[in-house]
Amino acid sequence: MTTSPDVLAESGALLELDGVSRVYGVEVLVHALRDVDLKVMPGDFMSIVGPSGSGKSTMLGLLGLLDLPTSGSIRIGGVDATQLEDTERSRLRGDAIGFVFQQFHLIPHLTALGNVETALLYRGIKARDRRDRAMGALEQVGLGERYDHRPIQMSGGEQQRVALARAIVTEPLIVLADEPTGALDTENAANVMDIFGSLRSPDRAIVFVTHDLEIADLTDRKISMRDGQIVGDEQQVHETSTAR
Amino acid sequence: MSRFIELVGVSIAGLTARKVRTLLIMLGPILGVSAIIAAIGFSESSKGDLKSKLAELGTDLIVVSAQNTIGGVGGDPKLPVEAVARVDRLDTVAHVSAVIELPGIVTLPFEGSREFYQAFPVPVIAADGRLPAAVDVDVVSGRWLNDFDNANEARTAVIGVELAEEYAYQRNEVRTITLDGINYAVVGVLDKVELVPSLNTTVFIPPATAVADWGVEDEAPSRLYVRSPGATELTADVLPTVINLGGPEDVGVEVPSDLLETESQVDSTLTVLTIAMGVIALTVGGVGIANVMSISVIQRSGEIGIRRALGHSRATIAGQFLLEAIAVGVLGGVIGAVVGVAVVWALAELNDFVVVLNRQVIVLATVAAMLVSVLFGLYPSMKAARLEPLETLRLG
Ligand SMILES: Nc1ncnc2c1ncn2[C@@H]1O[C@H](COP(=O)(O)OP(=O)(O)OP(=O)(O)O)[C@@H](O)[C@H]1O
Ligand SMILES: [Mg+2]
């Protein structure tokens, strides 16, 4: 089940949008994304910024194989994901990608451990191994002791950390986060960003959609969007190589 | 396989997280199944005593009667004299007994009761020694007519159990009754013959006595009682030919238990009606499942979205919700079956019925509940599978 370097395409990109457009609606058409090209490289620590409605979340959804483009292709490990059956695309998504959302999206009737384990289901992993790995991920985000708690018993910051544990328990090569700190106060936001920082590795790409310019400034690569198009792709140089 | 077990676990977790709702949607299958089982169980149990009586009496008695006047006197239909011997030769026949009807005899339990008993004559028949064996009933008092009675043309009589009651006959009492003024000694009382109730009010006398006293020409029987265990139908079919080699149309054959059997059949229109009611209850329950689950799918769209984001396919999501529906159907069906059986027991107890539980009905009703829940769970499951994950997740 481990994500392996065969996810890499010849271009070296983990993920590649090629002429991707996404049009919503039937009669009234909304061009959420227009002919976008983007390569997400291993080791990328990237932010996507832009005004509301510029297509950031739409692009993240496409990068995460949660949505299909109206035209264009999404290549992951050299495979055009738009051509795959739902079952295969879902498997690929589960193996290669970890999501974090602004609203945490924990399943309310499951414990923290249950929520993290959900990411390991249907993959032929023994119940015991699922549990051990989920515990490990919870410990990694500092919530090992809270494994038995339900979302309602946890603060927003804690819930987002559980969501983070769930995103990384599969050891994905790509982590996609849509406003992960949007619902958190400064302290919790910083805590969560610290964890993201600790997840960085040369093999892995971490992508944030954010309105928060401070967060955007922490990243190495900043994509700017406007009206469904990428209008800027800057490398940002920091004093230290890690975003601390 | 492990994937399926995980799916079952996920579905059960989803159901137990919302216990009240789960119980509510289970109410449909519970009501449907229990209604069907209770309705059919009750109507079958109401006939249960008839059925058990039938089982007790057996269904192997055949009554053969003469249909025309061949060999008869004064227009009385008679079978050939050799009839008993011919029937006795059949391998499938265990017992055969011949009786001769003696019409028009006024029987009186005592002098001075003439008026009443002439108006309501008591049948008198000449019966051979094998009648009790043929109808599978013993005497409750005294003895049956024997060879000695017959050989001596004795004026002895056995009376039916209802006649004994009517005559206020005491057990082993020495009693004389008069047949057209001739005194006969009552030597026994024949127990109740359920399959041939007319015998319960009959006076039996020896055949030789009948010839001597009542002008019967020979011992040509009016009727035969034939016991044929295991091959009743077959025997009944061949009897007319065997008895009356010339013209079988002169021989009437009847299996008295057939009538009881028909009577013990549950009224089919009522059954259809109750089944229809149960099916409607099940269907309404199914619609309830579809309804509540559809709402549930909307409420749980966040859960569905995140599961999709975590790599669960559309098929897996559909399976998860379908399994929830199936679990509701199976559990509801089983609970409904238990409730239905309990209702049948309670009603039978109250009405003093013999409990009759049709296992087939119980299994079928439970399976039906499961099928209905699958059918009606299909739509919400598809709906869950079709949800666009991004739309449920972007919110916020
Ligand atoms: N399901 C949909 N149906 C129709 N239009 C949609 C749908 N989803 C998104 N849109 C439209 O597509 C455009 C891009 O939306 P998107 O959510 O990607 O923007 P965004 O950059 O993430 O905005 P925000 O910063 O507010 O989250 C918007 O105009 C939005 O209204
Ligand atoms: Mg957005």
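Naming convention: chains lettered A, B, ... in sequence-line order (proteins, then strands); numbering from 1 in each chain.
Between chain B and the options A:S57, A:G98, A:A119, the largest number of non-hydrogen pairs under 4.5 Å is found for A:A119.
For residues 296-313 of chain B, heavy-atom neighbours of chain A at less than 4.5 Å comprise B:R300, B:G302, B:E303, B:I306, B:R307, B:R308, B:A309, B:L310, B:G311, B:H312, B:S313, sorted by residue number. Contacts from residues 316-336 of chain B to chain A, taken as heavy-atom pairs separated by less than 4.5 Å, involve B:T316 in sequence order.
Other residues, nucleotides and ligands place no more than 12 heavy atoms under 6.0 Å from the CZ atom of A:R91. Summarising the local packing, CD of A:Q153 is surrounded by more than 12 heavy atoms from other residues, nucleotides or ligands at distances under 6.0 Å. The number of heavy atoms from other shown groups lying within 6.0 Å of CZ (B:F353) is above 12. Residue-environment remark: CD1 (A:I152) stays at or below the threshold of 12 foreign heavy atoms within 6.0 Å. In this structure, A:E139 places its CD atom where more than 12 heavy-atom neighbours from other residues, nucleotides or ligands lie under 6.0 Å away.
Atom CD of B:E391 sits about 7.0 Å away from atom OH of A:Y24, to the nearest 0.5 Å. One finds the OG1 atom of A:T118 at 10.5 Å from the CD atom of B:E6 (value rounded to the nearest 0.5 Å).
Across all their heavy atoms, A:L110 and B:A13 have their closest contact at CD2-CB, 4.4 Å. The shortest heavy-atom contact between B:S2 and A:G124 is OG-CA, 4.3 Å.
A:L66 touches chain B through backbone and side chain together, each having a heavy atom under 4.5 Å away. Within the 4.5 angstrom heavy-atom criterion, only side-chain atoms of A:R130, from C-beta onward, approach chain B. Residue A:Y122 touches chain B through both its backbone and its side chain, counting heavy-atom pairs closer than 4.5 Å. Contacts between A:D67 and chain B at a heavy-atom distance below 4.5 Å involve the side chain alone, from C-beta outward.
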